[in-house]
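A note on names: the letters A, B, ... follow the listed sequences, proteins ahead of strands, and every chain is numbered from 1. Worth knowing before you read on, the calculation uses all heavy atoms, side chains too, and leaves out hydrogens, waters and symmetry mates.
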Amino acid sequence: MFRFSLASTIALVPMLMLASLVRAQTAPSQQAGAVKDQKAAPAPRHDISGIWDPGNGGIQPLGPQAMPEDGKPEHRVPYTPLGLEALDAHKPSNGIRSVLPAETNDPVVYCDPQGFPREDLYELRTTQILQTPQKVVLLYQFNKIWRVVWTDGREFPKDPEPRWFGYSVGKWANDYTFVVQTWGTDERTWIDRAGRPHSGDLRVEERFHRADHGTLELTVTIDDPKMYTKPWVALDRLRFELQPPNYDVREMICSPSEFAEYNKLIGTPASDKDRQ
Amino acid sequence: MRNRLLTIFLGFLMVSVPLFAHHGAAAYDTSKKITVKATVTEWFWANPHCFLRFDAKDDKGNVVHWATEASNPSDMVNLGWSKQTFKPGDEITVTFTPVKNGQPIGRIQQVVLANGQTLSARVVL
């Protein structure tokens with residue numbers, strides 16, 4: 001079933017992007033006026049589609065917006081003993097536990113996929129959201145990643161094979177709030193830039209709230225009983241602003257060969273402790 | 001340190017922060033800024049980081065070959081930079097944060113081009 005789903009999604013994405021490009025042929029001045037009018041308009045029901053920009057608040061270099069790893073007691077997430085052990089094995093290059101560039105084992109630094117929920121919690125950039133009757137598709141700027149959230153009423157697979165981005169299903173909680181549940185994520189990924197861990201039992205809830213026509217808010221809750229004694233909120237109404245439909249999202253891709261060049265020239269010599 | 005003649009400013013940068021989230025700041029002495037007149041040798045427009053190489057003289061008149069990193073192209077474009085911002089031979093004034101270990105490596109804060117235009121590599125969060 002999921003092989004079919006994946007294939008159909010791969011086929012769908014280019015068609016939807018083509019449709020978006022066709023819409024973008026409208027004259028820019030007309031579009032700018034239309035967008036201004038749209039922002040003042042009431043939020044549409046059951047609709048979070050559009051091009052959304054979280055601004056610099058989505059970069060989250062110290063960990064997620066609501067729970068950065070900055071040493072403050074109120075930002076200490078409720079680790080289990082296993083969670084602490086897993087955290088200790090992760091060597092981030094940002095935050096209060098940061099190590100030198102050559103010593104980090106952050107998989108994203110080496111251009112591995114961020115996976116989910118880290119896609120929401122680190123380098124969350126301009127995000128395009130497309131809706132069909134069966135699914136919501138999210139197109140992320142960072143590393144040009146896409147996710148599918150099924151809205152056709154299906155259940156989660158009983159024993160899912162882990163995926164970098166897990167399995168996601170979504171439902172409308174009310175006219176303006178779309179709630180996504182995700183599980184079946186790959187344990188190799190980190191939850192955030194700070195190196196917080198997760199197990200295969202991780203469940204993530206995303207609440208996309210269309211606050212008004214031009215504003216979308218995202219709240220993310222982490223629930224992983226193996227790693228954390230209770231659920232915790234990683235994003236608390238992170239605000240996105242609606243962009244014009246002809247907004248051109250730039251490429252932002254981690255290139256392994258360019259990273260190797262960077263490491264040779266900067267990362268490795270900068271980490272040379274013998275020189276300190 | 002090999003570049004004593006370079007102007008060093010101590011500063012605490014509370015208002016703005018670098019965009020360079022990818023590799024962190026552990027290698028850098030973030031309490032220091034160096035400003036130097038330099039000649040561009042290479043501008044590499046790349047992901048996850050652009051980097052700028054330039055030559056500048058130290059206090060003994062020796063030419064030092066610096067390598068400094070910037071952010072990703074998407075962020076740099078938003079700050080007014082482009083792939084065409086530099087070409088080898090351009091004379092610039094560059095301000096950067098040095099690494100702790102004394103290597104000629106840094107993280108760009110700002111560049112002033114020969115025409116007087118100032119480009120910042122930092123963003124207010």
Side-chain angles (χ1 to χ4, degrees), chain A residues 53 55-63 65 68 91-104 106 108-111 122-123 125-126 141-144 193-194 248-276, chain B residues 1-2 15-30 41-54 64-79 81-83 96-108 120-125:
Chain A
D53 185 2
N56 295 322
I59 300 174
Q60 305 173 99
L62 297 180
Q65 164 241 32
K91 307 296 182 190
S93 53
N94 271 61
I96 57 174
R97 300 191 308 115
S98 65
V99 298
L100 292 167
E103 296 172 352
T104 183
D106 183 346
V108 169
V109 167
Y110 299 96
C111 300
Y122 176 60
E123 293 286 16
R125 304 279 183 152
T126 306
Q141 181 182 13
F142 186 67
N143 276 344
K144 299 197 82 162
R193 177 66 168 167
D248 183 26
V249 182
R250 294 190 183 92
E251 275 190 347
M252 190 176 172
I253 296 173
C254 189
S255 157
S257 64
E258 291 179 353
F259 168 71
E261 188 68 16
Y262 164 87
N263 233 10
K264 179 177 146 192
L265 193 67
I266 292 178
T268 300
S271 305
D272 185 355
K273 288 180 178 174
D274 292 339
R275 298 273 185 167
Q276 290 180 327
Chain B
M1 184 161 159
R2 61 198 298 183
V15 178
S16 63
V17 299
L19 282 167
F20 319 112
H22 205 78
H23 296 101
Y28 290 92
D29 185 346
T30 54
T41 55
E42 184 183 15
W43 172 229
F44 191 40
W45 189 251
N47 274 291
H49 291 272
C50 303
F51 48 85
L52 179 68
R53 302 173 80 175
F54 55 84
V64 179
H65 306 297
W66 285 91
T68 54
E69 64 173 308
S71 191
N72 61 78
S74 182
D75 283 339
M76 299 308 284
V77 166
N78 289 337
L79 290 166
W81 304 57
S82 76
K83 188 175 182 179
F96 57 94
T97 302
V99 290
K100 294 172 182 170
N101 67 5
Q103 292 279 295
I105 295 167
R107 177 170 279 179
I108 300 173
S120 173
R122 302 179 71 82
V123 65
V124 176
L125 292 181

Mind listing the closest non-hydrogen atom pair of [X] and [Y] along with its distance?
X        : Y        : value
A/Glu258 : B/Asn47  : OE1-N, 2.6 Å
B/Ala26  : A/Ser98  : CB-OG, 3.8 Å
A/Ala270 : B/Ile105 : N-CD1, 3.7 Å
A/Pro269 : B/Asn101 : O-ND2, 2.8 Å

Report summary line: Okay, A/Gln141 and chain B: the region with an atom under 4.5 Å from a heavy atom over there is side chain
**Report entry** Part of A/Ser255 within contact of chain B (heavy atom distance under 4.5 Å)
**Finding:** both
Query raised in the report: Going from NE2 on B/His65 to CG on A/Leu265, what distance comes out if it is rounded to the nearest 0.5 angstrom?
Result: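 Between atom NE2 of B/His65 and atom CG of A/Leu265 there are 12.0 Å.
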Query raised in the report: Should the pair B/His49 and A/Tyr262 be assigned to parallel (<30°), tilted (30 to 60°) or perpendicular (>60°) ring geometry?
Result: parallel
Query raised in the report: Taking the side chain as C-beta and beyond, is there a heavy-atom pair between B/Lys100 and A/Leu100 under 4.5 Å?
Result: no
Report task. Might you work through the side chain to side chain contact (heavy atoms under 4.5 Å, CB included) test for B/Asn72 and A/Arg250, ending with a clear yes or no? Result -> CA-CA 11 Å; B/Asn72 61 78; A/Arg250 294 190 183 92; over 6 Å; no
